[in-house]
Amino acid sequence: MHGGWGWHRSSTACLLRTALWLSMARCTLGSVVVGGSCTLNCNTGHTASGSATCGSDSTWTDTSQTCEKVDCGTPSYPNSNGAFNCTSGTTYEEHCSLQCASGYFSTPANLQVQCGANGNWSYVGASLVYPT
């Protein structure tokens, strides 16, 4: 077993060795035949690093796949009076806090965004207000 993958040599197909693999793989129709492919089924908020293909020699290629956390990238704020501070990172379930420019504050106070499983940030609508 290699990184969660199991493989077996056959004359016309790549065979999956264990039932555990079947619960971890997402395979195309006819994937165990030469030219077919499979990717790991990853938990919510994670994506597979690639896919394995059944080669002409009946062995699986790229059997070192892993599941990586979705990265939402740095969140942007629609104007120059604020920016998000992401001290814990920008991957799935991480939070970033809105930092306002001097003389501004956010509504709601202490606004945070969270990286979602789909790679998008979600937050409660906010606006920067100049104090009167």
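Keep in mind that the numbers below use all heavy atoms, side chains included, and drop hydrogens, waters and symmetry copies. A quick note: this is a predicted structure, and the numbers were derived from the prediction, not measured. We number each residue from 1, following the sequence as shown.
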Can S97 and Q112 be counted as having a side-chain donor-acceptor contact under 3.5 angstrom?
yes

Validation row: V70, T47 side chains within 4.5 angstrom (heavy atoms)
yes

K69 side chain near E94 side chain, heavy-atom distance below 4.5 Å:
yes

Mind checking side chain to side chain contact (heavy atoms under 4.5 Å, CB included) for T87 and listing every partner two or more places apart, or none if nothing turns up?
N85

SG/C96 to CD/Q114 distance, rounded to the nearest 0.5 angstrom?
10.0 Å

I need the minimum non-hydrogen distance between C72 and G116, along with the two atoms involved.
SG-N, 3.7 Å

Looking only at the side chains, is there a donor atom on one of T66 and E68 sitting less than 3.5 Å from an acceptor on the other?
yes

From OG (S76) to CH2 (W121), nearest 0.5 Å
10.5 Å

Supply the atom-to-atom distance E93 CD to S88 OG, rounded to the nearest 0.5 angstrom.
11.0 Å

d(N43 CG, Y92 OH) to nearest 0.5 Å is 9.0 Å

Within this structure, what is the CG-SG distance for the pair N120 and C115, rounded to the nearest 0.5 Å?
8.5 Å

Indicate yes or no: at least one non-hydrogen side-chain atom of V113 is less than 4.5 angstrom from one of P75.
yes

If you measure only the distance, is there a donor-acceptor pair under 3.5 Å linking the side chains of T90 and D71?
yes

To check you understand the geometry: which heavy-atom pair defines the closest contact between Y77 and L98, and what is its length?
CD1-CD1, 3.7 Å

